[in-house]
Each structure stands twice: as structure tokens, then as C-alpha cells.
Amino acid sequence: MSNRIDQLFAGKKTGVLNIYCTAGFPELNDTLPVMKSLQQHGADMIELGMPFSDPLADGPVIQDSSTRAIKNGMSLKVLFEQLKDFRQQIHLPVLLMGYLNPVLLYGIENFCKKCAEVGVDGVILPDLPMDEYETEYKPVFEQYNLHLIFLVTPETTEDRIRKIDTVSKGFIYAVSSSSTTGKDKDMGHQQAYFERLNALQLTNPVLIGFGIKDKATFEAAASHSNGGIIGTAFIRAIENTTNLDTSIKEFIAGVKHN
């Protein structure tokens, strides 16, 4: 059975909009309403953050959303309960993004099995070393048709990028700088890095993340890759909203149409 991520990229080569939202944020039971609004208003893929108390690559806005979600009562157990029947309403590819420790505590096989049961398509675990994935976990992920997505930075060597391209499936997450998420980035300064990635003619599609916040930055990212990932700016757009659906509609319109 083909993976929804692969189906998306087979049909859409450019301008893919992947939006990150923290599960259980702004309120515990907002996970599904946020996903439904994202689908309705034009996102192509949803990256659902699994809240963790010590996120390494996340800037303060996403860290705060994670803290708030944990206070709301979010956990992997609760998240899988919320996602139990989500495929009756959501047809977009959905990834879970988080850190290794909670997944290890849950049990890698249990986690992958549960992802497959509910209909999750891929996972991003920035602190899972590629070698460890390849030697210990890859067969389990593949058994459950789960794509593990790896990050590359401007500092990642060509050899390592090629290895990631060989080992992983779905897409490659190109971090536009080696700092944490959410900081303002000048896409122009990243030009050489993006051109280097393009020159490698990788097998997997590439999505650029970190620092994309509006139409200009999304289009800049999409001009160098298959699309972009927006996290911090989206969390800001919904953190204090009184109307989730309207805020999400306006945010996506601002990225795609303004």
C-alpha cells in the first residue's frame, strides 16, 4: 500500500505547504479541529507535534506551546486516543514530530503499530541518530509503512545528505539554518545551500523549514525545493485566538494568496 506522503509528491511537485501544529494546543481537544481547518483551508500536509518537556531544536514559541499542551493533559496515549478515527475526516498526509525519549518509553514497536492503526504516514524524530535508525529501527518503521523523515542543515556534508537520501523515505527536511526554529531568516543568505541541495539531484523530495512565516518566505523556499514547512508563525496565529477556524483560514490565505 502506498504511503500518503508519496501520493502527495507524485501529484504535486512544487508549492507543497506543510503546517506544524502542537497536539493538544491551544486547548487539549483542539487537535482534530485544527487539523480539519488546515485541510479545509488549503494545507497539503500536517505535522503534528508530540509535546515534550525538553525539545532541542524548537524555539521559544513552539516550546511554550508544548509546555501548554502538556499542562492541558496531552501525552502520546491521549494523542493516539484523539487520532483513533481521524481518517474518517482527514485525508491529508499526517506526520508526528517529536523526540525519541517519549517514543522509547511508549515502545518503538508499539508506537509504530499505533501510528499504522490510526493512519499516521510519517515521523520526524530529530534526535534519533541515522545509524541507530538504520541498524535498529528501520525494519519496524517499514513494516508499518511509516516514513521516517531526517533533517539536513547547511553544515550537513554531501556524503551524509546522500546517505540520508538512501536510508529515508517521504521527503528530506531541509533546515534553513543550524539554529533553533522560529528565528527570522533571510532566505537570500541560504541561496548557496539550497543550490547545493538541488545540485545533488536527490531521490527524495525536499521541503524547507525553519523561518518560513508568510507568502514571501514560503515562495522563496518553494522556488528552491518542493515546498515549505511553517511552524512558529502558525502557532503564533492560533495561540490566543477566539476563533480557530477563522484564524487558520486567514493564516493560510496570507501564505498562499495575499
Side-chain angles (χ1 to χ4, degrees), residues 3-5 18-25 28 30-32 34-35 45-59 62-87 90 92-153 163-164 167-173 175 180-181 204 207 209-210 229 231 235:
N3 186 293
R4 288 178 195 86
I5 299 169
N18 177 2
I19 292 191
Y20 169 95
C21 50
T22 302
F25 177 87
L28 181 63
D30 284 338
T31 310
L32 219 55
V34 168
M35 293 169 79
M45 193 184 309
I46 298 170
E47 192 178 310
L48 206 50
M50 302 179 282
F52 183 46
S53 54
D54 188 25
L56 304 172
D58 295 321
I62 290 178
Q63 281 187 25
D64 289 350
S65 73
S66 196
T67 302
R68 185 160 147 189
I70 290 166
K71 281 182 181 160
N72 288 344
M74 181 47 69
S75 65
L76 264 181
K77 184 171 180 288
V78 172
L79 177 56
F80 282 130
E81 282 167 8
Q82 289 183 346
L83 294 179
K84 194 171 66 146
D85 298 313
F86 88 101
R87 280 297 170 205
I90 307 289
L92 297 184
V94 171
L95 300 111
L96 296 186
M97 194 284 189
Y99 293 87
L100 188 55
N101 199 38
V103 175
L104 288 176
L105 289 172
Y106 195 88
I108 291 273
E109 173 114 27
N110 281 344
F111 175 80
C112 291
K113 187 179 179 191
K114 205 72 187 167
C115 284
E117 272 175 22
V118 299
V120 168
D121 306 291
V123 182
I124 304 172
L125 298 169
D127 59 339
L128 172 56
M130 178 174 58
D131 297 341
E132 199 174 313
Y133 169 71
E134 194 177 16
T135 54
E136 294 186 39
Y137 304 128
K138 191 178 178 202
V140 183
F141 276 80
E142 291 188 339
Q143 178 188 340
Y144 292 104
N145 196 24
L146 269 184
H147 290 350
L148 189 77
I149 311 301
F150 285 95
L151 280 67
V152 300
T153 76
K163 183 76 190 290
I164 285 170
V167 169
S168 66
K169 292 179 179 174
F171 64 91
I172 289 172
Y173 192 144
V175 179
T180 54
T181 56
N204 283 298
L207 293 181
F210 291 41
I229 301 168
I235 296 292

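Throughout, residue positions are numbered sequentially from 1 according to the sequence presented. Every heavy atom of this structure was used, including side-chain atoms; hydrogens, water molecules and symmetry mates were not.
- Side-chain contact check for Leu76 versus Lys114: every heavy-atom pair is 4.5 Å or farther apart.
- Considering only residues two or more places apart in sequence or on other chains, Asn101 meets the side-chain contact (heavy atoms from CB on, under 4.5 Å) condition with Phe52, Leu105.
- In this structure, the side chains of Tyr137 and Leu148 stay at 4.5 Å or more apart for every pair of heavy atoms.
- For the atom pair Asn145 CG and Arg4 CZ, the distance stands at 9.0 Å (nearest 0.5 Å).
- Using a 4.5 Å heavy-atom cutoff, the side chains of Val34 and Leu48 are not in contact.
- With respect to the salt-bridge test (charged N to carboxylate O, under 4.0 angstrom), the residues Asp121 and Arg87 qualify.
- Asn18 contributes no side-chain N or O that, together with a main-chain N or O of Leu207, makes up a donor-acceptor pair within less than 3.5 Å.
- Here the side chains of Leu79 and Leu96 are in contact, with some heavy-atom distance below 4.5 Å.
- For the ring-ring contact (aromatic ring centres under 6.0 Å, His included) test, residues two or more places apart in sequence or in another chain that qualify with Phe150 are Tyr133.
- Atoms CD1 and CD1, on Ile124 and Ile229 in that order, are 5.5 Å from each other to the nearest 0.5 Å.
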request  = Evaluate the side-chain contact (heavy atoms from CB on, under 4.5 Å) criterion for residues Tyr106 and Met50: first the C-alpha distance (whole Å), next the side-chain angles of each, then the deciding distance (0.1 Å), finally the verdict.
outcome  = CA-CA 12 Å; Tyr106 195 88; Met50 302 179 282; over 6 Å; no
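- Counting only heavy atoms from C-beta outward, the side chains of Phe111 and Val120 never approach each other to under 4.5 Å.
- In the model, Glu117 has no side-chain atom that pairs as donor or acceptor with a side-chain atom of Tyr144 under 3.5 Å.
- Counting heavy atoms from C-beta outward, Lys169 and Asn3 have side chains that stay 4.5 Å or more apart.
- Gln82 places none of its side-chain heavy atoms less than 4.5 Å from the side chain of Leu32.
- Between the CE atom in Met35 and the CD1 atom in Ile46 there is a gap of 4.5 Å [rounded to 0.5 Å].
- Annotation: side chain of Asn204 is not in contact with side chain of Ile164 (no heavy-atom distance under 4.5 Å).
- Distance CG/Leu151 to CG/Leu128: 11.5 Å, rounded to 0.5 Å.
- In this structure, Ile108 CD1 and Leu125 CG are separated by 7.0 Å, a value rounded to the nearest 0.5 Å.
- Between Glu109 and Lys113 there is no salt bridge, since no side-chain nitrogen of the basic residue lies less than 4.0 Å from a carboxylate oxygen of the acidic one.
- Scanning for salt bridge (Lys or Arg N to Asp or Glu O under 4.0 Å) contacts around Lys163 gives Glu134, with sequence neighbours left out.
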task = List the steps, then state whether side-chain contact (heavy atoms from CB on, under 4.5 Å) holds for Asp64 with Ile235.
result = CA-CA 10 Å; Asp64 289 350; Ile235 296 292; over 6 Å; no
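- Here the rule is side chain to side chain contact (heavy atoms under 4.5 Å, CB included) with Pro51, and of Asn72, Ile62, Thr22 only Thr22 fits it.
- Of the possible donor and acceptor atoms, none in the side chain of Ser168 sits under 3.5 Å from a partner among the backbone N and O of Ile149.
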